[in-house]
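Heads up, the thing below is written out as structure tokens.
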Amino acid sequence: MPATWYTGKVTQIIDLAPHVKSFSIYIPELDTSLFKAGQFLVFDLPVGDKRLQRWKSYSIANAPNDKNEIELCIVHFESGLGSTYFFEEVTLGTTLICKAPEGGFVLPDVIDHDLVMICTGTGIAPFRSMLRDLVNSKKDHQNIHLIFGTRRKEDVLYLEEWQQLETILPGFRFDITLSREDISAGDEFHKGYVHQVYLENYSLSRPDVHFYICGWTKMIDEAVENLFGDLKYSKEQIHYELYG
């Protein structure tokens, strides 16, 4: 069955970090209350002749809503056809074409275990969608630990939102690691990478915790090896989404 394509218009562009922007898109014919937090959209961008060049996937960074709006969180790579198009060609009012949301990187209907969300860079987008959806829906859940890694303080995404979630979302806490920033005593950030945080906090294998991992392939490969190979968590407890 041929895919249905939808036309949307860019309504807002916000600088989130030196090389990261948020793009809000209004898609009048797409019911954005029906997608599942954590899913992504495939866009057909005018960046080449072949489908593999034109079709680009981006996670939805906002929660399901009744406003026919979605948000994208995109980092600019100079060699990336899609991100270069968004950063250099897309302006307010630009028309974009996408398919309906898809993907299985979503939370279960019943959350009866602790959640550990491990991510780097814009891999934080699906977790923002999930967390905001939990706030909106007031769905029952257990403890949630967000572990976010980036290079420098200026690259930290949505910090004020995570700070607010600690006050309004029961059982939520977060840790941020910086790989290329000097950390002072008493600083709220950690020096290093995401791996050290979950290795310290979940060194003893537990059946009541699931790990959701999103980001670059190298980070995910290392995390899976640590959790499954070294700490002996089961494959059913480890879920991931690749970003290249």
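All heavy atoms count here, side chains included; hydrogens, waters and symmetry mates do not. Owing to the predicted nature of the structure, the values given are computational and were not obtained by experimental measurement.
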TODO: Only counting residues at least two apart or in another chain, list the ones meeting salt bridge (charged side-chain N to carboxylate O under 4.0 Å, His left out) with Asp175.
DONE: Arg173
Open item on the list: I'd like to know if the side chain of Asp221 reaches the main chain of Lys218, judged simply by a donor and an acceptor atom lying under 3.5 Å from each other, with no hydrogens or angles considered.
Closed with: no
Task: Side-chain heavy atoms of Glu102 within contact of Phe40, under 4.5 Å - done: yes
TODO: Could you tell me which residues satisfy side chain to side chain contact (heavy atoms under 4.5 Å, CB included) with Ser205, sequence neighbours excluded, listed by chain and number?
DONE: Tyr233
Open item on the list: Is the ring pair Phe23/Phe87 parallel, tilted or perpendicular, if the boundaries are 30 and 60 degrees?
Closed with: perpendicular
Task: Point-to-point distance, once rounded to the nearest 0.5 Å, from NZ of Lys153 to CG of Asp182 - done: 9.0 Å
Open item on the list: I'd like to check Phe189 versus Leu159 (side-chain heavy atoms, cut-off strictly below 4.5 Å). Are they in contact?
Closed with: yes
Task: Ile13, Ile14, Thr122 screened by side chain to side chain contact (heavy atoms under 4.5 Å, CB included) with Lys21, the one that passes - done: Ile13
- [ ] Could you give me the CA-CA distance, side-chain angles and deciding distance for His145 and Val197, then say whether side chain to side chain contact (heavy atoms under 4.5 Å, CB included) is met?
- [x] CA-CA 10 Å; His145 188 185; Val197 178; 4.0 Å; yes
Task: Derivation of the side chain to side chain contact (heavy atoms under 4.5 Å, CB included) call for Asp133 and Phe35 - done: CA-CA 11 Å; Asp133 186 45; Phe35 80 84; over 6 Å; no
TODO: Flag the pair Leu115 / His141 as yes when at least one side-chain heavy-atom distance between them is below 4.5 Å, and no otherwise.
DONE: no
Task: Where Thr7 and Pro28 come nearest, the two heavy atoms and their spacing - done: O-CD, 3.6 Å
- [ ] Examine Tyr26 and Ile74 and state if one hydrophobic cluster contains both, with Ile, Leu, Val, Met, Phe, Trp and Tyr joined whenever side-chain heavy atoms are less than 4.5 Å apart.
- [x] no
Open item on the list: Is it true that, when you exclude Arg151 itself, more than 12 heavy atoms of the residues, nucleotides or ligands shown sit nearer than 6.0 Å to its CZ?
Closed with: no
Open item on the list: Using side-chain heavy atoms (C-beta onward) and a distance below 4.5 Å, is Val75 in contact with Ser83?
Closed with: no
TODO: Might you work through the side chain to side chain contact (heavy atoms under 4.5 Å, CB included) test for Arg54 and Leu45, ending with a clear yes or no?
DONE: CA-CA 5 Å; Arg54 298 173 59 92; Leu45 303 177; 5.6 Å; no
Open item on the list: I'd like to know if the side chain of Ser129 and the backbone of Asn62 have a donor-acceptor N/O pair within less than 3.5 Å.
Closed with: yes
- [ ] Decide yes or no for Tyr85 and Leu96: does some side-chain heavy atom of the first lie under 4.5 Å from some side-chain heavy atom of the second?
- [x] yes
Open item on the list: Working to the nearest 0.5 angstrom, can you tell me the gap between Ile27 CD1 and Ile97 CD1?
Closed with: 11.5 Å
Open item on the list: Per the salt bridge (Lys or Arg N to Asp or Glu O under 4.0 Å) rule, what does the pair list look like for residues 201-214, sequence neighbours excluded?
Closed with: Asp114-Arg206, Arg206-Asp208
- [ ] Please name the pair of heavy atoms, one in Cys73 and one in Leu157, separated by the smallest distance, quoted to 0.1 Å.
- [x] SG-CD1, 3.9 Å
Task: For the student: nearest non-hydrogen atoms of Leu72 and Tyr58, plus distance - done: CD2-CB, 3.9 Å
Open item on the list: To the nearest 0.5 Å, what is the distance between CD on Gln12 and CD on Glu69?
Closed with: 8.5 Å
Open item on the list: Just to verify, what does Lys56 make a salt bridge (charged side-chain N to carboxylate O under 4.0 Å, His left out) with, not counting sequence neighbours?
Closed with: none
TODO: Treat each ILVMFWY residue as a node, draw an edge where side-chain heavy atoms are under 4.5 Å apart, and state whether Ile70 and Leu92 are in one component.
DONE: yes
Task: Donor-acceptor contact present, side-chain Glu71 to main-chain Ser24, <3.5 Å - done: no
Open item on the list: Nearest 0.5 Å, please: how far is OG in Ser234 from NE2 in His210?
Closed with: 6.5 Å
Open item on the list: I'd like to know whether NE2 of His76 has more than 12 heavy-atom contacts from other residues, nucleotides or ligands below 6.0 angstrom.
Closed with: yes
Task: Nearest heavy atoms of Arg132 and Ala61, plus distance in Å - done: CD-O, 4.4 Å
TODO: Kindly compute the distance separating OG (Ser203) from OH (Tyr198), expressed to the nearest 0.5 Å.
DONE: 12.5 Å
TODO: Give a yes or no on whether Leu204 atom CG has more than 12 heavy-atom contacts from other residues, nucleotides or ligands under 6.0 Å away.
DONE: no
Open item on the list: Using only atom types and a distance under 3.5 Å, with no angle test, would you say the side chain of Arg180 pairs donor to acceptor with the backbone of Arg152?
Closed with: no
Task: Cluster overlap Leu41 with Leu52, hydrophobic side-chain contacts below 4.5 Å - done: no
Open item on the list: According to a hydrophobic-cluster definition based on side-chain heavy atoms being under 4.5 Å apart (Ile, Leu, Val, Met, Phe, Trp, Tyr only), do Tyr193 and Ile238 belong together?
Closed with: no
Task: NZ (Lys67) with more than 12 external heavy atoms under 6.0 Å - done: no
Task: Criterion side chain to side chain contact (heavy atoms under 4.5 Å, CB included) on Ile111 and Leu134, from CA distance to verdict - done: CA-CA 11 Å; Ile111 305 175; Leu134 288 176; 4.0 Å; yes
Open item on the list: According to side chain to side chain contact (heavy atoms under 4.5 Å, CB included), who are the partners of Ser33, at least two apart in sequence or on a separate chain?
Closed with: Asp31
Open item on the list: For the NZ atom on Lys36, are there more than 12 heavy atoms of other groups (residues, nucleotides or ligands in this structure) within a distance under 6.0 Å?
Closed with: no
Task: Minimum side-chain heavy-atom gap His113-Val209 below 4.5 Å - done: no
Task: Short side-chain to backbone donor-acceptor contact, Thr94 and Lys9, under 3.5 Å - done: no
Task: Partner of Thr32 by side chain to side chain donor-acceptor pair (under 3.5 Å), out of Asn68, Asp66, Asn65 - done: Asn65
TODO: Using the test ring pair (Phe, Tyr, Trp, His ring centres under 6.0 Å), find all partners of Phe172 that sit at least two apart in sequence or belong to another chain.
DONE: none
Task: Shortest non-hydrogen separation from Met130 to Val106 and the atoms involved - done: CE-CA, 4.1 Å
Open item on the list: Could you check whether any side-chain heavy atom of Met117 comes within less than 4.5 Å of a side-chain heavy atom of Phe174, counting everything from C-beta outward?
Closed with: no
Task: Any Pro101 side-chain heavy atom under 4.5 Å of Leu34 side chain - done: no
Task: Distance (rounded to the nearest 0.5 Å) between Glu222 CD and Ile118 CD1 - done: 11.0 Å
Task: Contact summary for Gly38 and Glu241, nearest pair of heavy atoms - done: O-OE2, 4.2 Å
TODO: Might you confirm whether atom NZ of Lys191 has over 12 heavy atoms from other residues, nucleotides or ligands at distances under 6.0 Å?
DONE: yes
Task: Same apolar cluster (I L V M F W Y, side chains within < 4.5 Å links), Leu16/Phe148 - done: yes
